[in-house]
Trainee: 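One structure is given below, represented as structure tokens, and several questions about it will come after.
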Amino acid sequence: MQNIKSFIDSNIIIYAYSVTEKNKQNISETIISQSYSVISIQVLQEIANILHRKFGKNFVDVKNTLLECASVVNEIHVNTQQTVIYACDITQKYGYSFYDSLIIAAAIESGCSLLYSEDMQHNQLIEGKLKIVNPFL
């Protein structure tokens, strides 16, 4: 699994910090630690928003969690203008929301072959190169 370049969506990262859903926590931790894991700046932004708004974490804790996330993944993709344009094409072609399409575009641009997400269509192949996997099914 270490040789597989995998993009990790924010929901998978959030489950890695779960104290109430141990099974999902274990699965998420395994994915992150046993693959060449990639996230994007968007994923970090989503994590910060979820931690603060949904879980009421203060921004010192949010910052520390973001720093930890950045230290355990292998790569952080920075979205560019081209990523945003590509996301528009993906939205139009596959019907995903713009922000999901931005995740997909970043995953493809990063050269990932897997995208782990709980929120997208399980086993769908995007552009003939990126397979979406819901690891909790």
Trainee: What I'd like to find out is whether the side chain of Ser33 reaches to under 4.5 Å of the side chain of Val72, using heavy atoms alone.
Mentor: no

Trainee: Please answer whether the main-chain N or O of Cys112 pairs with a side-chain N or O of Ser110 as donor and acceptor at a distance below 3.5 Å.
Mentor: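 No, because the side chain of Ser110 does not come within donor-acceptor range (under 3.5 Å) of the backbone of Cys112.
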
Trainee: Rounded to the nearest 0.5 Å, what separates atom CG in Leu114 from atom OG in Ser37?
Mentor: 12.0 Å

Trainee: Apply side-chain contact (heavy atoms from CB on, under 4.5 Å) to Asn23 and list each qualifying residue two or more places apart in sequence or on a separate chain.
Mentor: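 With sequence neighbours excluded, Asn23 shows a side-chain contact (heavy atoms from CB on, under 4.5 Å) to Ile27, given in chain and number order.
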
Trainee: Who pairs with Thr83 by side chain to side chain donor-acceptor pair (under 3.5 Å), at least two apart in sequence or on another chain?
Mentor: Thr80, Glu109

Trainee: Quick one: pull up CD1 in Ile126 and OH in Tyr94 and give me the separation to the nearest 0.5 Å.
Mentor: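 Ile126 CD1 to Tyr94 OH: 5.0 Å, rounded to 0.5 Å.
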
Trainee: Between CD of Glu127 and CD1 of Ile108, what distance do you get to the nearest 0.5 Å?
Mentor: 5.0 Å

Trainee: Not counting sequence neighbours, which residues clear side chain to side chain donor-acceptor pair (under 3.5 Å) with Ser28? List them please.
Mentor: none

Trainee: Please report the closest heavy-atom contact between Ala87 and Ser101, naming both atoms and the distance.
Mentor: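 Shortest heavy-atom separation between Ala87 and Ser101 comes out as O-CB, 3.3 Å.
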
Trainee: Do Pro135 and Ile12 make a side-chain contact, defined as non-hydrogen atoms from C-beta onward lying under 4.5 Å apart?
Mentor: yes

Trainee: Show every salt bridge (Lys or Arg N to Asp or Glu O under 4.0 Å) that has at least one partner inside residues 68-78, sequence neighbours left out.
Mentor: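 Applying salt bridge (Lys or Arg N to Asp or Glu O under 4.0 Å) to every pair that reaches into residues 68-78, excluding sequence neighbours, yields Lys5-Glu75.
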
Trainee: Write out all pairs satisfying salt bridge (Lys or Arg N to Asp or Glu O under 4.0 Å) with one or both partners inside residues 76-90, taking only residues at least two apart or from two chains.
Mentor: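 Not a single pair qualifies under salt bridge (Lys or Arg N to Asp or Glu O under 4.0 Å).
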
Trainee: Calculate, to the nearest 0.5 Å, the distance between atoms CG and OG belonging to Asn134 and Ser117 respectively.
Mentor: 7.5 Å

Trainee: If we check side-chain contact (heavy atoms from CB on, under 4.5 Å) with Ile13, which of these qualifies: Ile31, Leu66, Ile39?
Mentor: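 When Ile31, Leu66, Ile39 are each tested with Ile13, the side-chain contact (heavy atoms from CB on, under 4.5 Å) holds only for Ile39.
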
Trainee: In the hydrophobic cluster built from side-chain contacts under 4.5 Å, what are the other members alongside Leu102?
Mentor: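 Grouped by the 4.5 Å side-chain rule, Val84, Phe98, Tyr99 form the rest of the cluster around Leu102.
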
Trainee: Check the hydrophobic clustering (I, L, V, M, F, W, Y; side-chain heavy atoms under 4.5 Å; chains of links allowed) and say if Ile32 and Leu67 are grouped together.
Mentor: no

Trainee: Checking side chain to side chain contact (heavy atoms under 4.5 Å, CB included) for the pair Phe136/His122: CA distance, chi angles, key distance, verdict?
Mentor: CA-CA 10 Å; Phe136 307 126; His122 179 64; over 6 Å; no

Trainee: Could you work out, with ring-ring contact (aromatic ring centres under 6.0 Å, His included) as the rule, every residue matching Tyr86, not counting sequence neighbours?
Mentor: none

Trainee: Partners of Val60 by side-chain contact (heavy atoms from CB on, under 4.5 Å), sequence neighbours excluded?
Mentor: Asn58, Asn64

Trainee: Write out all pairs satisfying salt bridge (Lys or Arg N to Asp or Glu O under 4.0 Å) with one or both partners inside residues 6-25, taking only residues at least two apart or from two chains.
Mentor: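 Applying salt bridge (Lys or Arg N to Asp or Glu O under 4.0 Å) to every pair that reaches into residues 6-25, excluding sequence neighbours, yields Glu21-Lys24, Lys24-Glu118.
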
Trainee: Could you work out, with side-chain contact (heavy atoms from CB on, under 4.5 Å) as the rule, every residue matching Leu125, not counting sequence neighbours?
Mentor: Lys131

Trainee: Considering non-hydrogen atoms only, spot the tightest contact between Asn79 and Ala106 and give its length.
Mentor: OD1-CB, 3.5 Å

Trainee: I need the minimum non-hydrogen distance between Val73 and Ile76, along with the two atoms involved.
Mentor: CG2-CG1, 4.0 Å

Trainee: I want to check something: taking the side chain as every heavy atom from C-beta on, are Ile103 and Tyr96 in contact at a cut-off of under 4.5 Å?
Mentor: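 Heavy-atom side-chain distance check fails, nothing below 4.5 Å.
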
Trainee: Decide yes or no on side chain to side chain contact (heavy atoms under 4.5 Å, CB included) for Phe7 and Ser40, but give the supporting numbers first.
Mentor: CA-CA 8 Å; Phe7 197 94; Ser40 65; 3.6 Å; yes

Trainee: Applying side chain to side chain donor-acceptor pair (under 3.5 Å), name anything that partners Gln121, two or more places apart in sequence or on another chain.
Mentor: none

Trainee: Give every donor-acceptor pair under 3.5 Å between a side-chain atom in residues 43-55 and any protein atom, sequence neighbours left out.
Mentor:
residue, atom, partner, partner atom, Å
Glu46, OE1, Ser10, OG, 2.6
Glu46, OE2, Gln42, NE2, 2.8
His52, ND1, Lys57, O, 2.9

